[in-house]
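One structure is given below, encoded as structure tokens.
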Amino acid sequence: MVGCVVRHGETSGRIVETEAYHDSEPACHAFVGLTPRTRVLFGPPGIAYVYRSYGIHALLNAVTEREGTGAAVLIRALEPIDGIDLMRERRGLDHIEDLCSGPGKLTQALGIGLDLNGTPLDGPIEILPAAPGERPRTVAGTRIGITKAVELEWRFCDVDSRCVSQPRLASPV
DNA sequence: GCCAGGATCGTCT
DNA sequence: GACGATCCTGGCG
């Protein structure tokens, strides 16, 4: 998904960092099975899973596996494309690299809230294919901010982007 | 630049 | 009643 574009209203950005979650490993919310909270994760793919983190932030995921499997890709960082001034207003910041360089930051910048949980990704939130011929250089590393299944290298970053979150993964070269 | 601490609430024990 | 798939600020060097 790195290289694809996320759009909401007048704002959009190119995905430069993601993490994968699957019900087979305990860091995934779906690991506990089907509950009211994880209902969307176990539903059909192509749906937004938006949840509240640390009581404050909204985090955006794309449900990826077929119905019955609880799996999603967390969108962790974007390179701003459209609506940059609106993003600056929402974030109260000027610097482009800081507008969407984290999972809670990008939902604030794009105006994505919990009300969009369960909506299709060709609806109010859209995820669009990467530009033709685009082949971002990506590196894999361990996921951020979790305490279980720490060893899985399921975080993926665009090495050439300065809009990824901390800590930066080293370039493969 | 690095680190510690606080904000704040849905979900499950 | 505890715990996060986080972010920001302020202190210190």
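Computed from a predicted structure; not experimentally measured.
For A:Asp82 and A:Arg7, the salt-bridge test passes: some basic side-chain N is under 4.0 Å from an acidic carboxylate O. Using a 4.0 Å cut-off between charged nitrogen and carboxylate oxygen, A:Glu134 and A:Arg14 count as a salt-bridge pair. Look at A:Glu25 and A:Arg143 and you find a salt bridge, because one of the NZ, NE, NH1 or NH2 atoms lies within 4.0 Å of a carboxylate O, short of that distance.
With A:Leu74 as the fixed residue, the side chain to side chain contact (heavy atoms under 4.5 Å, CB included) test singles out one of A:Tyr49, A:Tyr21, A:Trp154: A:Tyr21.
The interatomic distance linking A:Phe31 (CZ) with B:dT11 (C1') rounds to 17 Å, in whole Å. Here C:dG4 presents its P atom at 17 Å from CG of A:Asn61, a figure rounded to the nearest Å. In this structure, A:Glu19 places its CD atom 14 Å from C1' of C:dG4, rounding to the nearest Å. Counting to the nearest Å, the P atom of C:dG4 and the CZ atom of A:Arg143 are 14 Å from each other. For the pair A:Gln166 CD and B:dG1 C1', the computed distance is 11 Å after rounding to whole Å. In this structure, A:Lys105 places its NZ atom 15 Å from C1' of C:dA5, rounding to the nearest Å. With rounding to whole Å, A:Asp23 atom CG is found 16 Å from C:dA5 atom C1'. Atom CD1 in A:Ile146 sits roughly 18 Å away from atom P in C:dC3 (whole-Å rounding).
For the pair A:Glu17 (side chain) and A:Ser165 (backbone), a donor-acceptor distance under 3.5 Å is present. Judged by distance alone, the side chain of A:His22 and the main-chain N or O of A:Ser24 form a donor-acceptor pair under 3.5 Å. The backbone N or O of A:Leu41 lies less than 3.5 Å from no partner atom in the side chain of A:Thr38, so there is not a single donor-acceptor pair. Within the 3.5 Å criterion, the main-chain N or O of A:Ile144 finds a donor-acceptor partner in the side chain of A:Glu19.
Taking only side-chain nitrogens and oxygens, A:Arg91 never comes nearer than 4.0 Å to OP1 or OP2 of C:dC7.
Every residue two or more places apart in sequence or in another chain was checked for a side chain to side chain donor-acceptor pair (under 3.5 Å) with A:Asp122, and none qualifies.
Within residues 32-60 of chain A, the residues that have a heavy atom under 4.0 Å from DNA chain B are, in order of number, A:Thr35, A:Arg37, A:Arg52, A:Tyr54, A:Gly55, A:Ile56.
Comparing A:Thr147 and A:Leu106 by the nucleotide of DNA chain C that holds the closest heavy atom to each, the one mapping nearer the 5' end is A:Thr147.
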For DNA chain C, the dot-bracket pattern of Watson-Crick and G-U pairs whose distances stay under 3.5 Å, | for other-strand partners:
||||.|||||||.
